[in-house]
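Note that the structure is a prediction, hence the values are computed from the model and not measured.
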Amino acid sequence: MNATLNFNLPEDDREFRMATTGKSMHTVLWELDEWLRSKTKYAPDSTSQDTIDAYERSRERLYQLLDQYNIDLE
């Protein structure tokens with residue numbers, strides 16, 4: 001099975017870039033998730049609970065958005 005996307009360049013340049021940078025966008029989201037995870041998992045004892053909570057809420061919001069747009073980082 002094949003799929004072909006056609007763009008009228010340069011008019012459709014924005015759409016073309018969005019369609020062709022999916023892997024990079026996926027990588028950015030995955031790295032952000034890992035960074036947020038590490039901020040809570042490996043937080044120094046001096047890290048305030050408010051800070052840890054903020055990281056956890058941020059990660060939860062990221063998951064909500066990924067789910068809303070049917071994006072799987074796995």
Asker: side-chain contact (heavy atoms from CB on, under 4.5 Å) between Leu66 and Asp72: does it pass, once the steps are laid out?
Answerer: CA-CA 7 Å; Leu66 291 170; Asp72 182 7; over 6 Å; no
Asker: Counting only heavy atoms not in Met18, do more than 12 sit closer than 6.0 Å to its CE atom?
Answerer: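 Count not over threshold, so no.
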Asker: Evaluate the salt bridge (charged side-chain N to carboxylate O under 4.0 Å, His left out) criterion for residues Arg37 and Asp33: first the C-alpha distance (whole Å), next the side-chain angles of each, then the deciding distance (0.1 Å), finally the verdict.
Answerer: CA-CA 6 Å; Arg37 177 181 172 273; Asp33 180 43; over 6 Å; no
Asker: Determine whether Asp12 and Glu15 satisfy the following criterion, side-chain contact (heavy atoms from CB on, under 4.5 Å), listing intermediate values before the conclusion.
Answerer: CA-CA 5 Å; Asp12 295 337; Glu15 290 81 6; 4.0 Å; yes
Asker: Could you pull out the closest heavy-atom pair between Leu5 and Phe7, with the gap in Å?
Answerer: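 Taking Leu5 first and Phe7 second, the nearest heavy atoms are CB-CE1, 3.6 Å.
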Asker: Cluster question for you: counting only ILVMFWY and a side-chain heavy-atom cut-off of under 4.5 Å, with indirect links fine, are Tyr69 and Met25 together?
Answerer: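 Each belongs to a different hydrophobic cluster.
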Asker: Indicate the atoms forming the closest heavy-atom contact of Thr40 with Ile52, along with that distance.
Answerer: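 Scanning both residues, the minimum pair turns out to be CG2-O, 3.8 Å.
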Asker: Same cluster or not: are Trp30 and Ile71 linked, directly or through other Ile, Leu, Val, Met, Phe, Trp or Tyr residues, by side-chain heavy atoms under 4.5 angstrom apart?
Answerer: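 Yes, one cluster joins them.
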Asker: Could you go through the side-chain contact (heavy atoms from CB on, under 4.5 Å) check for Arg59 and Tyr55 one step at a time?
Answerer: CA-CA 6 Å; Arg59 195 167 186 219; Tyr55 286 130; over 6 Å; no
Asker: Using a 4.5 Å cut-off on heavy atoms from C-beta on, say whether the side chain of Trp35 contacts that of Leu32.
Answerer: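 With C-beta onward as the side chain, the pair touches.
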Asker: Does the Thr51 side chain pair with the main chain of Thr47, one donor and one acceptor, at a distance under 3.5 Å?
Answerer: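 No; judged by distance alone, with no hydrogens or angles, the pair does not exist.
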Asker: What distance separates Glu31 CD from Leu73 CG, expressed to the nearest 0.5 Å?
Answerer: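 Result: 11.0 Å between the selected atoms.
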Asker: Could you give the distance from CD (Glu60) to CG (Asp53), rounded to the nearest 0.5 Å?
Answerer: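 It is 9.5 Å, given to the nearest 0.5 Å.
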